[in-house]
Undergrad: 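The structure that follows is given in the form of structure tokens.
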Number of protein chains: 2
Amino acid sequence: MTTNIDQPFNREVQYAAKRLAVIRSAAGAFRRRGYHNTSMVLIAKSLGLSKAALYYYVKSKEEILYECHIMVYGAMDEAVKSVRGQGENGLEKLKLLYGAFAALMTRDGLALLADVDSLKGEFQATVLARRGKIERAVTRIVEGGMKDGSIKKSDPKVTVFFFMGALNWLNVWYEPGGRLSGEMIADAFVEQMSVGVAS
Amino acid sequence: MTTNIDQPFNREVQYAAKRLAVIRSAAGAFRRRGYHNTSMVLIAKSLGLSKAALYYYVKSKEEILYECHIMVYGAMDEAVKSVRGQGENGLEKLKLLYGAFAALMTRDGLALLADVDSLKGEFQATVLARRGKIERAVTRIVEGGMKDGSIKKSDPKVTVFFFMGALNWLNVWYEPGGRLSGEMIADAFVEQMSVGVAS
DNA sequence: AACTTATTCGACCTGAAAGTCAATCTCTAG
DNA sequence: CTAGAGATTGACTTTCAGGTCGAATAAGTT
């Protein structure tokens with residue numbers, strides 16, 4: 001991966017790195033305190049900047065939220081891609097994917113934000129589209145598993161929403177560095193999910 | 001149950017009924033749009049009132065959110081109480097309880113709000129305490145099931161958070177009157193949860 | 001009818017947080 | 001070394017939603 005350190009004199013790279021730092025830092029604050037309980041001043045201060053400087057990197061607070069969402073869905077798209085062709089059947093494939101999702105949340109500090117309603121117009125439409133795309137990808141895998149007999153037959157949508165909900169709820173209670181390690185949680189989630197849906 | 005219609009001339013009863021209507025209406029709006037995306041003017045309008053009139057029934061917007069939380073946890077406490085002594089083992093007891101929880105969400109229109117961070121001081125402390133109480137009650141049942149052999153042994157907290165997350169996520173996607181009926185969802189959730197945790 | 005109390009409202013106040021901008025500091029290319 | 005682009009800031013404006021208040025209306029009581 002290319003980091004800012006690789007090209008300390010390339011201003012575009014530096015700019016992109018700093019912009020990313022803003023998004024990341026905000027994402028963490030949004031996850032902990034919620035979007036509306038996090039002011040731009042707070043985001044700025046946590047980076048040692050003034051609020052005005054933030055607007056050198058982003059157009060608006062809403063844009064930050066948008067980028068937070070896109071970042072997660074981008075990583076999820078990657079995870080979906082990475083299980084293509086993997087796994088002997090639908091269930092195995094689903095376990096791999098769900099494990100990857102759980103790792104994103106616990107290891108990479110990403111978080112499914114629920115604040116879609118705070119986005120307007122194009123922003124919201126795009127995020128909803130991306131979310132729909134992921135949901136469909138997961139649902140397709142589940143349906144595949146139902147066909148090949150590895151996953152118990154029932155309404156695929158309800159099945160998917162059940163275990164995706166657990167993922168979202170992670171944001172609320174999981175604290176890195178706590179008693180429960182990320183790997184432990186991810187493993188337990190995969191286990192509980194897979195047993196719940198298996199034939 | 002006592003309704004406002006029972007005592008149309010009792011002012012205290014009328015007042016309480018109207019106050020409840022405010023809370024309920026707000027709860028629905030909070031669930032759909034989120035707390036911060038719902039203005040007091042909007043809540044008022046949806047009841048055919050002016051904003052000022054709202055403040056005759058509640059002290060602040062935060063109090064409404066608080067009451068929304070309390071309403072849900074109250075109903076959950078009832079559900080916990082109603083399964084006391086029921087069920088042959090931990091798993092059966094858990095299925096009853098979880099089914100009751102799911103019914104609260106789908107049938108009674110209640111919703112676990114995630115916006116705990118928008119509450120301050122005493123309000124937040126109380127809500128967190130109530131949530132903790134429910135979590136402990138559920139965890140105790142799970143631990144009981146692990147002891148009597150009906151539930152697979154693993155970390156109880158992770159186990160509980162997994163299926164409680166699914167419940168919370170319901171708020172985001174479930175729309176009454178849609179393709180999926182409330183009963184259907186509740187049944188599917190109980191099934192998927194119980195298979196996931198059973199020995 | 002007169003009086004009291006409950007309920008509702010329009011108009012206003014206020015504070016917090018998003019967003020802007022001209023001025024300033026800091027790099028680095030030449 | 002210095003000019004000019006890049007980066008950052010303090011101070012300001014703007015907007016909007018929560019909350020207040022006194023007046024007006026409705027309802028109930030005697």
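Chain letters run A, B, ... following the sequence lines, proteins first, then strands; residues in each count from 1.
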Undergrad: Could you point out which residue of Arg136(A), Arg131(A), Arg130(A) forms a salt bridge (charged side-chain N to carboxylate O under 4.0 Å, His left out) with Asp77(A)?
TA: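 Only one option passes, and that is Arg130(A).
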
Undergrad: Mind telling me whether Phe162(A) and Tyr98(B) have parallel, tilted or perpendicular rings, with 30° and 60° as the class edges?
TA: perpendicular

Undergrad: Return the value, rounded to whole Å, for the distance between atom OH of Tyr57(B) and atom C1' of dG19(D).
TA: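 In whole Å, dG19(D) C1' lies 18 Å from Tyr57(B) OH.
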
Undergrad: Return the value, rounded to whole Å, for the distance between atom CG of Asn37(B) and atom P of dG18(D).
TA: 11 Å

Undergrad: Does dA17(C) have OP1 or OP2 under 4.0 Å away from a side-chain N or O of Ser39(A)?
TA: no

Undergrad: Give the rounded distance in Å between these two atoms: CG of Leu65(B) and C1' of dG18(D).
TA: 14 Å

Undergrad: Between dG6(D) atom P and Tyr56(A) atom OH, what is the distance in whole Å?
TA: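 Interatomic distance, OH of Tyr56(A) to P of dG6(D): 6 Å.
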
Undergrad: For Leu54(A) and dG10(D), what is the distance between atoms CG and C1' respectively, to the nearest whole Å?
TA: 15 Å

Undergrad: Regarding Lys51(B), tell me which of base, sugar-phosphate or nothing describes its non-hydrogen contacts under 4.0 Å with the strands shown.
TA: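 If one applies the 4.0 Å heavy-atom cut-off, Lys51(B) turns out to touch a base.
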
Undergrad: Looking at the side chain of Met40(B), which of dT9(D), dC9(C), dG18(D) is the nearest nucleotide?
TA: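 Looking only at heavy atoms from C-beta outward on Met40(B), the closest nucleotide is dG18(D).
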
Undergrad: Ile43(A) has an atom CD1; how far is it from atom P of dA17(C), in whole Å?
TA: 12 Å

Undergrad: Check step by step if side chain to side chain donor-acceptor pair (under 3.5 Å) holds for His36(A) and Ser118(B).
TA: CA-CA 8 Å; His36(A) 288 284; Ser118(B) 303; over 6 Å; no

Undergrad: Looking at Lys18(A), does any N or O in its side chain come under 4.0 Å of the phosphate oxygens OP1/OP2 on dG6(D)?
TA: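 No, no such contact exists.
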
Undergrad: Measure from the side chain of Ala52(B), starting at C-beta and using heavy atoms only, and say which of dC21(C), dC21(D), dG19(D) lies closest.
TA: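 Selected nucleotide: dC21(D).
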
Undergrad: May I ask you to check whether Tyr56(A) and Tyr15(A) place their ring centres under 6.0 Å from each other?
TA: yes

Undergrad: Can you tell me how far P of dC16(D) sits from CD of Glu62(A), to the nearest Å?
TA: 14 Å

Undergrad: Do Lys61(A)'s NZ or CZ and the ring of Tyr35(A) fall within the cation-pi criteria of under 6.0 Å and 45°?
TA: yes

Undergrad: Looking only at the side chain of Tyr15(B) (C-beta and beyond, no hydrogens), which of the listed nucleotides dT7(C), dC9(C), dT9(D) gets closest?
TA: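 From the listed options, dT7(C) comes nearest.
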
Undergrad: Could you state the NZ-C1' distance from Lys120(A) to dA18(C), rounded to the nearest angstrom?
TA: 12 Å

Undergrad: Measure from the side chain of Tyr55(A), starting at C-beta and using heavy atoms only, and say which of dG19(D), dT7(C), dT20(C) lies closest.
TA: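 Side chain of Tyr55(A) sits closest to dT20(C).
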
